[in-house]
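Let me begin by presenting the structure, written as structure tokens, before commenting on it.
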Amino acid sequence: MPYIVGRKIKSVRVLNHKIVAGKGTKRVGSIDNTVKFTEILIGKKIIDIKRRAKNLIIVLNDHSILLVHLKMTGQLVFQPLPKSLPKREGLASSIVKGGHPIQESENKLPHKHTYIIFELDSGTLYYNDVRQFGYVLYFENETVLETEKHFDGIGVEPFDKEFTHAYFQYEVEKLKKRKIKTPIKKILLDQKIVVGCGNIYCDEVLWKSGVLPTRAISKLSNEEIKKIYNNIIDILDKAINSGGSSVANYLLADGKRGNYADYHNVYQKQDTACKKKGCPGIIKKTTFVGRGTHFCPAHQK
DNA sequence: CCTAACCCCTGCTTGC
DNA sequence: TGCAAGCAGGGGTTAG
């Protein structure tokens with residue numbers, strides 16, 4: 001799994017400066033000089049990869065950091081150097097490759113949406129991003145991440161021991177007083193209590209919990225809060241174990257697609273029968289809190 | 001302090 | 001068949 005840990009960066013090519021400039025982030029223009037971004041990374045070794053919410057933190061040997069956010073269509077795909085071929089097959093192989101590409105054209109890298117190419121000493125790491133919403137930012141060290149408050153105001157990790165039922169219950173109770181009418185979907189989407197529930201998993205969690213996305217948090221029962229808590233962990237766990245949903249352009253690090261979409265119960269299931277046992281409902285889709293929102297009007301209350 | 005609206009961007013889908 | 005408009009969405013910023 002950690003394909004790139006321990007590898008050294010030999011060269012970096014930035015084909016779209018916006019990805020490294022930090023526009024639309026809390027770090028506007030900190031490094032907007034593509035040359036500087038490129039040069040500062042050469043020779044550094046990748047020693048660790050961490051994650052905080054939906055951010056990827058690539059740690060280098062001098063403890064500088066690449067902060068990566070893929071947003072919806074970003075991809076970080078690693079292709080190892082091809083294994084050296086036996087002498088006799090070497091020539092034949094190169095001929096075959098000329099006329100009959102081994103890979104599908106869409107898998108060929110780099111392609112028109114490849115915006116950064118990291119040459120490592122064992123292969124190549126590509127940053128691709130059709131919609132260019134994502135970013136790869138350089139930080140001198142982890143302290144800078146903190147001082148620049150990049151992660152300020154975001155909630156706990158769903159798989160952290162901090163994320164207990166008691167914590168979730170307590171945080172929801174607090175909001176019940178301040179944000180009486182705020183719908184539960186908005187609370188889950190804004191990442192302030194717990195991170196990880198994007199639009200797909202919000203809809204899935206609420207479907208499984210039998211709670212309408214529009215329901216005001218002040219009207220949630222303790223039992224419903226507990227269901228939502230359990231389902232956040234359950235659904236995110238299952239999604240991760242099946243490699244994510246790959247709804248748009250999401251890929252695993254080796255370029256393969258995840259298959260959690262096969263298990264979706266509501267997301268993009270509008271006008272189909274509700275999959276809850278014995279439920280007569282037909283899944284509906286609306287726009288709510290600025291997002292496509294899917295729910296079963298029969299069993300979600 | 002809050003919320004709603006807008007912005008970034010391209011590819012796919014829909015409608016005429 | 002073509003073309004334009006609409007939609008998708010994480011999360012930041014801006015306006016009110």
Side-chain angles (χ1 to χ4, degrees), chain A residues 14-32 51-57 67-76 104-107 110-116 127-137 139 145 148-155 157-158 174-206 213-214 216-218 236 239 244-251 257-258 260-261 264 266-271 284-294:
Chain A
V14 177
L15 306 171
N16 180 343
H17 74 278
K18 277 184 270 187
I19 305 296
V20 303
K23 201 184 174 192
T25 74
K26 292 178 182 174
R27 199 169 216 249
V28 177
S30 284
I31 289 199
D32 55 1
R51 181 189 57 75
R52 176 69 178 105
K54 298 171 187 171
N55 300 269
L56 210 52
I57 301 171
L67 181 71
V68 183
H69 199 306
L70 302 174
K71 295 293 176 78
M72 273 101 57
T73 57
Q75 305 172 333
L76 217 39
E104 299 293 320
S105 61
E106 64 173 26
N107 293 330
H111 55 51
K112 63 187 283 199
H113 299 299
T114 297
Y115 295 127
I116 310 179
Y127 179 83
N128 312 314
D129 193 351
V130 169
R131 291 181 216 174
Q132 306 169 36
F133 279 15
Y135 49 81
V136 180
L137 304 181
F139 290 81
L145 272 184
E148 295 191 9
K149 300 174 186 292
H150 207 88
F151 295 142
D152 259 27
I154 63 170
E157 292 291 331
K174 274 202 295 188
L175 288 184
K176 273 186 175 183
K177 294 167 193 162
R178 293 200 296 121
K179 304 189 177 192
I180 298 166
K181 292 179 181 173
T182 306
I184 180 63
K185 175 156 179 174
K186 186 168 164 50
I187 299 294
L188 292 180
L189 272 183
D190 77 9
Q191 315 286 303
K192 287 197 175 80
I193 296 180
V194 58
V195 303
C197 283
N199 197 46
I200 296 173
Y201 302 122
C202 261
D203 284 4
E204 294 293 326
V205 165
L206 293 172
T214 49
I217 47 164
S218 59
L236 289 179
S245 297
S246 285
V247 163
N249 295 61
Y250 175 82
L251 296 179
R257 293 175 69 87
Y260 187 70
H264 286 176
V266 270
Y267 186 77
Q268 290 182 347
K269 299 292 180 190
Q270 58 269 30
D271 306 323
K284 292 279 173 283
K285 181 185 177 187
T286 56
T287 296
F288 182 63
V289 294
R291 293 290 176 264
T293 296
H294 314 72

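None of these values were measured; they are calculated from a predicted model. Labels below follow one simple rule: chain letters A, B, ... track the order of the sequence lines, proteins then strands, and each chain is numbered from 1.
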**A:R52 side chain to A:K54 backbone, donor-acceptor under 3.5 Å** = no
**Request:** Spell out, as yes or no, whether a donor-acceptor pair under 3.5 Å connects the side chain of A:S218 to the backbone of A:K176.
**Result:** no
**Prompt:** Any sub-3.5 Å donor-acceptor pair from A:Q191's side-chain atoms to A:G155's backbone N or O?
**Reply:** no
**Message:** Salt bridge or not between A:D152 and A:K26? Use side-chain N to carboxylate O under 4.0 Å.
**Reply:** no
**Request:** Looking at every strand, decide which applies to A:K181 at a 4.0 Å heavy-atom threshold: base, sugar-phosphate, or nothing.
**Result:** nothing
**Asked** Is there a donor-acceptor contact under 3.5 Å from the side chain of A:T25 to the main chain of A:R27?
**Response** yes
**Terminal contacting nucleotides, 5' and 3', DNA chain B versus chain A (heavy atom, 4.0 Å)** = B:dC2 to B:dG11
**Message:** Protein within reach of the bases, or only the backbone? For nucleotides 6-12 of chain C, mark each nucleotide 5' to 3' as B, S or -, using heavy atoms under 4.0 Å.
**Reply:** --BBBBS
**Asked** Should the pair A:H69 and A:Y135 be assigned to parallel (<30°), tilted (30 to 60°) or perpendicular (>60°) ring geometry?
**Response** tilted
**Message:** Looking at A:R291, is its backbone amide N or carbonyl O close enough to the side chain of A:T293 to form a donor-acceptor pair, meaning the two atoms are under 3.5 Å apart?
**Reply:** yes
**Message:** Between A:H294 and A:D203, is there a side-chain donor-acceptor contact under 3.5 Å, judged purely by atom types and distance?
**Reply:** yes
